[in-house]
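These notes are about the structure you will find just below.
Convention: sequence-line order gives letters A, B, ...; per-chain numbering from 1. Bear in mind that the values here come from a model prediction, so they are computed numbers and not experimental data. Hydrogens, waters and symmetry mates play no part in the numbers below; they use all other heavy atoms, side chains included.
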Number of protein chains: 4
Amino acid sequence: MKENLPQDLHYSEKQVAILLATEQLIAEKGYSASSVRDIAQAAGVNVAMISYYFGSKEKLLEALFVYRIDSSRVVLQALLENTVLNPFEKLEILVTSYVDKLINNFAFYQIMNREPAIKEIKNISKIVNATKQRNQGMIRQLIDEGQSKNFFKNTVDVSLLMHTMMGTLMSVCNNADYLKIIYQSEHLSEEEFGNMMRERLKVHLFQMMKAALTQPIT
Amino acid sequence: MKENLPQDLHYSEKQVAILLATEQLIAEKGYSASSVRDIAQAAGVNVAMISYYFGSKEKLLEALFVYRIDSSRVVLQALLENTVLNPFEKLEILVTSYVDKLINNFAFYQIMNREPAIKEIKNISKIVNATKQRNQGMIRQLIDEGQSKNFFKNTVDVSLLMHTMMGTLMSVCNNADYLKIIYQSEHLSEEEFGNMMRERLKVHLFQMMKAALTQPIT
Amino acid sequence: MKENLPQDLHYSEKQVAILLATEQLIAEKGYSASSVRDIAQAAGVNVAMISYYFGSKEKLLEALFVYRIDSSRVVLQALLENTVLNPFEKLEILVTSYVDKLINNFAFYQIMNREPAIKEIKNISKIVNATKQRNQGMIRQLIDEGQSKNFFKNTVDVSLLMHTMMGTLMSVCNNADYLKIIYQSEHLSEEEFGNMMRERLKVHLFQMMKAALTQPIT
Amino acid sequence: MKENLPQDLHYSEKQVAILLATEQLIAEKGYSASSVRDIAQAAGVNVAMISYYFGSKEKLLEALFVYRIDSSRVVLQALLENTVLNPFEKLEILVTSYVDKLINNFAFYQIMNREPAIKEIKNISKIVNATKQRNQGMIRQLIDEGQSKNFFKNTVDVSLLMHTMMGTLMSVCNNADYLKIIYQSEHLSEEEFGNMMRERLKVHLFQMMKAALTQPIT
DNA sequence: AATGAATGAGGGTTCATTCAT
DNA sequence: AATGAATGAACCCTCATTCAT
């Protein structure tokens, strides 16, 4: 299960540098608009090293996905199995966890959520779909538990709920520049603003989901 | 497909064909991965026509944005000025309107929401930002009205609410393939499935937003 | 002998406009770097008119040569046949005549003297060679007369002498910008400077040629 | 051909091959009419190598100018500082030197003297102007010396004199084909004819300049 | 008689990749 | 193990020209 480790120990320092440069550049410009030359330069390595290490540009992206995909299973799996916390507490932790994960790895999530290339690379599609399925399943399980314990009403479409959470996060992060103006936060540093948004998002999403899960049937 | 075109801005039939092919191809593959040759072929025209009509690949994308944006202003503006409907009814219409608009023009929204190229094309950025600002403003106005009339609580972050709506829509549409499996709807035609999702989304989003806007303060 | 007339009466106003724009543009940028679109635009006509009127870009250049080549035969021919003037006077008139002709038609002479394209267009080569031969012949005849009348020594290479005259003129005109600085004449208008150079050139060339033709044998 | 190369400026064999092919082709057809594909083929290299080595077509021309210019400074500078030779002898050497230099590098001089493109490439303009200025200055210095030593009259326009020399050379070389016929030298090889012209030009130009510089004031 | 629309060919350049070392 | 050199393919765009009207 090497591919699930956040950091593959087989990668040398240079290889990691390439992967990080890849992530950043593709997140910024897209896969097709990022040339291997640009990536190599950003990583401070020779152009030929990319083919040499990863085989091809496509396989480089593949390696990035293997490298990045899911550092979270452990956390969430533990959350599900926890018997002390009540469903509301679990929901809050879930939301917090997703907000942090997405903001901390925004570059990668951008690639995963909007890069058309990944649909045409089978190995990546496989990984991505498996991850989505797993995440979807865990959320469903958590909500099922809340519903069976009568904490949550069962009028919400759980499948859509996950998209509400992820979609909100993506949309907000994608429009961070714009929101910075809206919130009149131009004076904040990137980090300060990021932290502010992080908190706002946690509150907002927990509030939204809680409301949706507990609202009286109309 | 033509019924989705807001209006013809003095474009000839061939030019429209190019714009539609552009939209479809870029939505599918991204701007950088869509060559003008591919676009020309998809539109059934000679490659040189694209430069001839639009000047360059970049200006072609620009023309697409001018062509697509601003189809909705009228509807929503009328909604805001309506004095008969109550805020809940207005909210429902708003949600319905956005769901339909996004699903009907999904290809374009995909481009607008995920194409890195558009941030580097100033004319497009300008158009897009103006549109976002307008949309944001209208939603805020609607919610303000609901709050001032005591229909809505005022604990919701309106700026984030818009992203919840748009983000949910984008996320769902982006993962339509996956949801088709989840909903065990493989037997439905594209159109049937689209209509089903359309209704589910309307219900889900209205429910979510209503819950968020009316939930008791915790 | 229509083609020898400085202005072909068969050319309409528009055709002449095209020819003049052609001359100016090709003199400035060269044949290959001047697109028919640019020429058409400079002439204020439709692009297709050039093919329509002249057949092709190549034939347009051909037409320009026919249009321009030699308005001087008459003058010089008369000069040669003149029996009143002595060879020195004739030489001075010859020089004056060439200086004026070249400066007045510099754009065309630039094309004729440096455009590689004309060597590959047979019709033009033919015209140009015939003209050169004629000019060479006339100069030789004039000098022969001066030598046989013992005004000139006969130690000068007449074939090279013509190149000295034409080469000096071309070189000076080609480097007019540079000479304007050398002569500290930046304050002069183009016309004033042109006239100054015209006079300087007449004096210089007559002086040079006279000296060469009369110098004692060393 | 290689013996004409002033010196290798850290260029590889392949790069030199490209430069020489560039020179020859542009001298023959002009800059705009010489495609990089043609140049690459003439140099026996892949098309992409030109961008790879020189960056662009424009920079290739730039490189050619850097490569070619400044081969003569040393010789002439030494001539000026020579205290043994009298001004006439110096003049003869100067003429000889320019004749040889231009004939040996005729392709390059053609480009420099007639290529419209070079005026629009600032780096080249700079180099060319500096060279012209230097040459002009050296000739002036030589003539000044002759005048101050009373070898030369001072009635000649030195600025124009340089153009007489260079212009004659250019004009003769440009019309070599034509002169071959005039001189009835079709039976000579290119080299034989070249050598003949070289000698004729040396004699002619020295004779012209000497006559001009020594003629009694009229 | 005159022209906007349209096109195949070729322009310079960049691409991901491979090769020789 | 690592890389500078090299390449064929494809990129976007402009070209001179033709065609239908």
Side-chain angles (χ1 to χ4, degrees), chain A residues 12 14-15 18 31-40 44-61 117, chain B residues 12-15 17-18 31-41 43-61, chain C residues 12 14-15 18 31-40 44-61 117, chain D residues 12-15 17-18 29 31-41 43-61 117:
Chain A
S12 72
K14 252 178 198 175
Q15 289 171 311
I18 293 171
Y31 175 77
S32 292
S34 303
S35 75
V36 289
R37 263 174 193 73
D38 291 342
I39 293 171
V45 303
N46 185 282
V47 206
M49 285 196 75
I50 287 179
S51 292
Y52 181 66
Y53 277 143
F54 298 96
S56 70
K57 190 185 177 187
E58 203 173 288
K59 284 192 185 144
L60 171 62
L61 187 62
Chain B
S12 74
E13 207 169 318
K14 224 166 230 186
Q15 287 171 312
I18 293 172
Y31 176 77
S32 292
S34 303
S35 75
V36 291
R37 272 174 186 76
D38 291 344
I39 293 172
Q41 192 177 3
V45 303
N46 185 283
V47 206
M49 296 286 348
I50 286 177
S51 291
Y52 180 65
Y53 278 138
F54 297 97
S56 69
K57 191 187 177 187
E58 199 173 292
K59 283 189 185 151
L60 171 61
L61 188 61
Chain C
S12 72
K14 252 178 198 176
Q15 287 171 312
I18 293 172
Y31 175 77
S32 292
S34 303
S35 75
V36 290
R37 266 176 191 73
D38 291 343
I39 293 171
V45 302
N46 186 281
V47 206
M49 283 196 76
I50 287 177
S51 293
Y52 181 65
Y53 278 143
F54 297 96
S56 70
K57 191 186 178 186
E58 203 172 288
K59 285 191 184 144
L60 171 63
L61 188 62
Chain D
S12 74
E13 206 169 321
K14 225 167 229 187
Q15 286 170 312
I18 293 172
K29 301 190 167 197
Y31 176 77
S32 292
S34 303
S35 75
V36 291
R37 274 174 182 78
D38 290 343
I39 293 172
Q41 192 178 2
V45 304
N46 185 282
V47 206
M49 296 285 349
I50 286 178
S51 292
Y52 179 65
Y53 277 139
F54 298 97
S56 68
K57 190 187 178 186
E58 199 173 293
K59 283 187 185 152
L60 171 61
L61 188 61

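- Rounded to whole angstrom, the span from the NZ atom of D:Lys29 across to the P atom of E:dG10 amounts to 12 Å.
- Every side chain to side chain contact (heavy atoms under 4.5 Å, CB included) that C:Glu58 has, sequence neighbours left out, goes to C:Tyr31, C:Ser56, C:Ile121.
- With sequence neighbours left out, the side chain to side chain contact (heavy atoms under 4.5 Å, CB included) criterion links D:Ser32 to C:Ser32, C:Ala33.
- In this structure, B:Gln15 atom CD and E:dG4 atom P are separated by 15 Å, rounded to whole Å.
- With sequence neighbours excluded, the residues that form a side chain to side chain contact (heavy atoms under 4.5 Å, CB included) with B:Val45 are B:Lys14, B:Ile18, B:Ala40, B:Ala43, B:Met49.
- Closest approach of A:Ser34 to A:Lys57, counting heavy atoms only: O-NZ, 2.9 Å.
- Atom-to-atom, CZ of B:Phe54 to C1' of F:dC12 comes out at 16 Å; the value is rounded to the nearest Å.
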Reading DNA chain F 5' to 3', what string of ( ), [ ], | and . shows its pairs, if Watson-Crick and G-U wobble pairs count only when both distances fall under 3.5 Å? .||||||||||||||||||||
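- The NZ-C1' distance, from B:Lys59 to F:dC13, rounds to 12 Å in whole Å.
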Where protein sits on nucleotides 14-21 of chain E, one letter per nucleotide: B base, S sugar-phosphate only, - none, heavy atoms under 4.0 Å: BSBBB---
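- For A:Gln15 (side chain) and A:Ser12 (main-chain N/O), a donor-acceptor pair under 3.5 Å exists by modelled atom type.
- For B:Leu60 and F:dC12, the CG to P distance is 11 Å, given to the nearest whole Å.
- The shortest non-hydrogen separation linking A:Ile50 to A:Leu60 is CG2-CD2, 4.0 Å.
- Legend: residues meeting side chain to side chain donor-acceptor pair (under 3.5 Å) with B:Asn46, ordered by chain and number and at least two apart, are absent.
- With sequence neighbours left out, the side chain to side chain contact (heavy atoms under 4.5 Å, CB included) criterion links A:Ser51 to no other residue.
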